[in-house]
Amino acid sequence: MTSGQDRGKQSWNVGGKDLEALFAEAAKHKGESLWQDAWRRLKSNRAARWSLWFLVVFGLMSLLAPALPIPSPMTLDLQLEPQPPVAPWTAFGNRGFEPDYWELAGSDRALVSLREAVFGDWQTGPWMGTDAKGRDILARIVWGSRTSILVALAAALCSLAIGVTYGALSGYLGGRIDNLMMRIVDILYSIPFIFLVIFLITIVNEYRIELEDNFGIDREVVFYIVIGAIYWLTMARVVRGQVLSLRKAEFIEAARVQGASTRRILFLHLVPNVLSVVIVYLTLTIPAVMLFEAFLSFLGLGIEPPKVSWGLLAVDGSESINPIRVYWWLIVFPAAAMGATLLALNVLGDGLRDALDPKLRGKD
Amino acid sequence: MLRFLARRLLWFAITLFVVVTVSFFLMRAVRGGPFDGERALNPAIEANLQARYHLDWPQWKQYLAYVGPFNLDDEGPEFMGGNGDRPFSGVLAGDFGPSFKYRDFTVNDIIGQSLPISAALGSIALAWALILGLGAGVASALWRGTRTDVALRLLATTGIALPNFVIAGFLVILFVFLIPLLPVAGYGSPAHLLLPGFALGAPFAAYIARLTRTGMLEVLHQDYIRTARAKGLPERLVILRHALKGGILPVISYLGPATAGILTGSLVIERIFAIPGTGSHFVNSALNRDYTLAMGVTILYTVLVYGLNMLVDLAYTLLDPRIDLEDPS
Amino acid sequence: MAFSPTSRQLRQVAALAILVGLAIGAATVLGAARLPRADFVLNNATEIQSMDPHTVTGIPEGRVMRAIYEGLTVKHPQTLEALPGMAESWEVSDDGLHYRFHMRAGATWSDGEVIDAHDFEYSWRRLVSPETAAEYAYQLWCVEGAEAFTLLPDDRQYRALDGTWWQVVAPGRYRVGFSAFSTNRHGQPLHRESATPPSWDGRFPFNPGAAKLDVWTFHKWYPYGVFHRFHAEGAPGPIVANEVPPDSRSEMRSGMYDEHWVCEVEPTLEELATLQLLSAAEFRDVAWRKEVGVKASPDGTTLDVTLRKPTPYFLDLCAFYPFFPVSSKAIARAQERWPSSWRIEWLRPEHLVSNGPYRVAFRRVNDRIRLEKSPSYWDADRIAFDTIDLLAVDHLGTSLNLYLTGEVDWIDRPIAGVIPRLLPREDFNPAPYLGSYFYRVNVNEPPFDDVRVRRALALTIDRRAVCERITKSGERPSYSIVPRSLAGYTGGEMRRSTSEATYEENFAKDLEEAKRLLTEAGYGEGGGEFPTFEILYNTDQTHKDIAEVLADSWSKQLGINAKTLNQEWKVYLDSQRSLDFQISRSAWIGDYLDANSFLDMWMTGNENNRTGWGNARYDELIRAAASEPDVAARQRLFDEAETILMEELPVLPIYDYTSRNLANPRLGGFAGNALDEHFPKFWYWMDDAELAEKRATQPDDWVQVPARGPSEGKYPPAGRDAVQRCIPPGALR
């Protein structure tokens, strides 16, 4: 028999066309993997592209917050009432910076010293106004984004870790075990979370000293874990559904028929497909977590001052709505920031879903 | 069908049992009791109070008394040593106990008063969500890719980009202060429920718009639509008879989580708009350590959510015969 | 499972039916909910705990009680002097110990039954009875014998003879015991673990071995060393044990008694017949009749009250809601009709019997209580409003918005943010309020056990900034625990700099001294590291703001690290009670116009102390003041006591409260007063003429706001002049 390499040189009748020319043409079009395909389609989705850029820029700003020449979010300067915003052209900045922060991590402290070296004691003016205690709203929004994004990411990752494992296991094992595991998820879903939250936060308060000294866990971390513990349920369901449907999918069958090993099936076919669903779901969980954090702040169970988060800002802003004097900057700016970010995340999530949806492959 | 129902009911019972047990012991593990107040109680008086509500019993006994159906105190059934005045009590006998905090009411009273109000608010929120969501979704799907589509999608996404109390705040500024159209809070007429309903339903309108649009687009891609069009069916009928159904299916399956979400969201909305529904009791009872009321509301929510999910599954099957209830996937 | 084609229509019909059903349901609920607006709407801030005046504590509850019940006296809206209520007149003996109230003839309950002195005796007995579990029972302890009556154990198991307790151990065999109370007023033992009976005249009752009937006297120790004699008849036997009777309340018992001598006796039938065993209920009857100083005359027209010591504020207390009457017949009827749920049934609006100007029309949890004028009230002619609504809106922002849009006529607290804008308005009139805001310090925990540290912390608080920038309602910075809004009181204040001309200069000097003290105590420059501590506060914007500001200033000025800790209400109370805090935000509101309500809680071991502090001399002074009849001498004792307190500083005073009522300017019969207590019977709407008159007497710079309400006013049926006119408030301008 001829070798594989010789196969192309066999003389099949292809209607007269030059075989070599044909194959040469075919070779020009590179086959695409799932990811390349998705990336291409995402880029062509304008809204998703802009959202991605926005998030990247915002994320950078958030990360480098200590280095930005904004006032401290904590400096108290008691006023009678919140001060309205002053446009940048009226008061671009002033020299009143005081490095007032809660305990910062080492990298943040480095950034603060960098900022002091570069800008000295100059800081931006009250472009977005201040609240009643003289704290700059712009600074609080920027620093608040750190906390909110951190909470959302940590919770999302937490839910990811638990949820993906649980769901994949359940879907893979299938049958009765799967049934049982999903029923457990159903039951957990029905437990009203508010008690769980109060309970956990109170317990943490009681043992906060031990936790901090022995494990380095402070209330923040517990907060993340608590929220993550609530959101893994849906992730598990979604992953499990995906794994189940994939097990029966035709291309898996085809791969198996072709003789692919289990490992190849798992890593080349199952995981990427599951991962795509997980990524999409993550991008949609993060906004949900941020909103949940705002909800907890409304009930008084959220982030503790002096730390600031968007949820706290939203609550403070919405408290000041009254017909005598609407301190509109207290609510409009935080709402705009939060809204824009969550909007971007949602649009990105939609775009990712569109890009990664295998049903739409080849239909563009 | 019957087997499906029976199995669902069995799991419902198990779920309820787990929820009741976990919540019961969880609540009592948290610090603070229902009778803690700013002024300290005389120990004798505190003991009396605890005894009256049976808080001096061991926890397992309190649990059994709560679940029922037999009354475990002195007025219980004669075969248990009581005097037979009140042999049945507890959840299994339909008695959720007295409220620890609102001492003039039983939990049955409180839930009986507040549930219709919450239900009214929830229905209005759902109505808003469906009207806005379906409307926006259909319009979006019909005029796909145009500016209208983009604008509508943007507006819809705003509903899930802001916390509902912020939306409520903006609504109040707009429709109460700037344009004095509606009352700012309270409960007493249909006008009182318009704003809260909208604020509560807005996030779900967003999701519904999305789901409808996606669902309809998927259907519009199918072959049989092409056939229908080729056959000469007017576009309007194509949409109304076929595409809409495809769009509604995912919305219906979303109704379950949407209702659960409305129940949760009502905690905030009822507080801001001073509506005396069960949402306010949910949080306050936890904070007041009003064990019985908290348990009552918990059970109520579990029943509602589970029941609704079951209804939704049923409706789903009725609408789409391809889906087999028996298939666990 | 085949679906027939027509099932599609079925499904559509089903879906439609559900939607229609929901819509009808919503409409019915809403239709049933429509209410006409009441004459007067106020926001009561929270759903009240109960309509039973004896079992509640709290300001919102007080508002409802004052509307539906009336006590012996009623307070004047402005001066808070005692006016006749259910008592037409009264006489006080010269020594201040005996009061005689003459009851109003012809007054009735809302069910038509006559109300007289017997009802008050019954109600006051109910207040101090242990089974009512009244939290305010201690308010009646100024009456002779009431405290002992409350602390009587309530146990169905034992049979009590006059003065001792007996327990049936076996048929024919009894345990008789006697116990010594050596506790303070709240049941906390003062002397622990004394193995022998305290020697007092050697007349302690044990006579082991004697087997004949003897009349022996023994004493029970009551708080403050007051003794009470009981006579007991019985056959003592050999001492068997030093223990409490086995029953379910033994923990309670052992908290109150710590010496017990138990004899087991087996009396003969003749002896048994003479033992006069009483049931617990009978014993309490006997105790009430013999020992407690509240007596109604047989015809019910007079009520005689004997106090334990002269109490100048007793008439105030008679208008305080724990002293309000409840109908014994209504309770008895309820107990008969609903043997197991009478506790809830008798309080339902349709069954509730009350004697006040209003009665409950209906009640919706977390929404409102609607009151309507009670035609059976003796003074119904002079009540102006026909209906009053008390809403239960607890969200401050919503409450303010309801007021500003005219749906509510009176709220008691606006959100702090808008206060500066409310101050110029005529409807916002902060008045001094008998309350104190302070920080408790846990003096058991180092470094706060050092008084220098506490003083340093107290001196560094910029009270004026707190009052001007955070609370903003004209609160007064406070350097003492008793608010200076208490008329006629001058007590000891915290030592601070007063020599300079301005507040800033004084404050600067105080800061220096604070730093010096801290260094002296071993912290600060060159000294040890001050441990990080937390300021505990319950969830509230103002507390949060103050805690943050103080933490910040302590950090900046003294270089010590302070953090804030927010706990929700119940956990916060629990932390305070178990002394699980370093510094905690606290407040105390006085129940009556006397300094004692602020000073007696700091005695050693008092359960409202919650700082771990105690001072023997202080305890002595307060005890002495409690029995001191002479006003001036009492004042001196309080002065010295408060000076000690402010020297030791287990509490850091911050400011005195002000009441922050926002009330419709058209409201008459309403004034700011030190207790912020308002009696609805005096309220009315002014007509435009009277309103203009009132405005003419106001300062010119007050901004006028629209006074909603009927322009012809709403006056009582007895006429325009049958109202109580008050001088418009506005003290703090």
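Just so it is clear, the values below take in all heavy atoms, side chains as well, and ignore hydrogens, waters and symmetry mates. All chains are named by letter (A, B, ...) in the order of the sequence lines, taking the proteins before the strands, and each is independently numbered beginning at 1.
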Could you check which of C/V393, C/V408, C/L391, C/L402 has the highest count of heavy-atom pairs closer than 4.5 Å to chain B?
C/L402
Report yes if some heavy atom in the side chain of B/R103 is under 4.5 Å from a heavy atom in the side chain of C/M51; otherwise report no.
no
Going by the salt bridge (charged side-chain N to carboxylate O under 4.0 Å, His left out) test, which pairs reach into residues 182-192 of chain B, not counting sequence neighbours?
none
Is any side-chain heavy atom of C/E47 closer than 4.5 Å to one of B/Y102?
yes
Hey, are the side chains of B/D109 and C/V365 touching, using non-hydrogen atoms and a 4.5 Å cut-off?
no
Does any backbone or side-chain atom of B/F177 lie under 4.5 Å from a heavy atom of chain C? Answer side chain, backbone, both or neither.
side chain
If only atom types and distance count, is the side chain of C/E407 paired as donor or acceptor with the main-chain N or O of B/P183 below 3.5 Å?
no
Any side-chain heavy atom of B/Y187 sitting closer than 4.5 Å to one from C/R364?
yes
Need one label for B/T106: side chain, backbone, both or neither, based on atoms under 4.5 Å from any heavy atom in chain C.
both
Portion of C/W346 that has a non-hydrogen atom of chain B nearer than 4.5 angstrom
neither
Taking 4.0 angstrom as the limit, do C/R363 and B/D104 come out as a salt bridge?
yes
Side chain / backbone / both / neither for B/S114 at chain C, heavy atoms under 4.5 Å
neither
Which atoms of C/A137 are under 4.5 Å from chain B, going by heavy atoms: the side chain, the backbone, both sets, or neither?
side chain
Quick check on B/R271 against chain C: is it the side chain, the backbone, both or neither that has a heavy atom closer than 4.5 Å?
both
So which part of C/T405 gets closer than 4.5 Å to some heavy atom of chain B, the side chain, the backbone, both or neither?
side chain
Under the rule for salt bridge (Lys or Arg N to Asp or Glu O under 4.0 Å), what residues qualify as partners of C/R368, not counting sequence neighbours?
C/D389
Test your reading of the model: is there a side-chain donor-acceptor pair from C/T398 to the backbone of B/I272, 3.5 Å cut-off?
yes
Side chain, backbone, both or neither of B/A185 within contact of chain C (heavy atoms, under 4.5 Å):
both
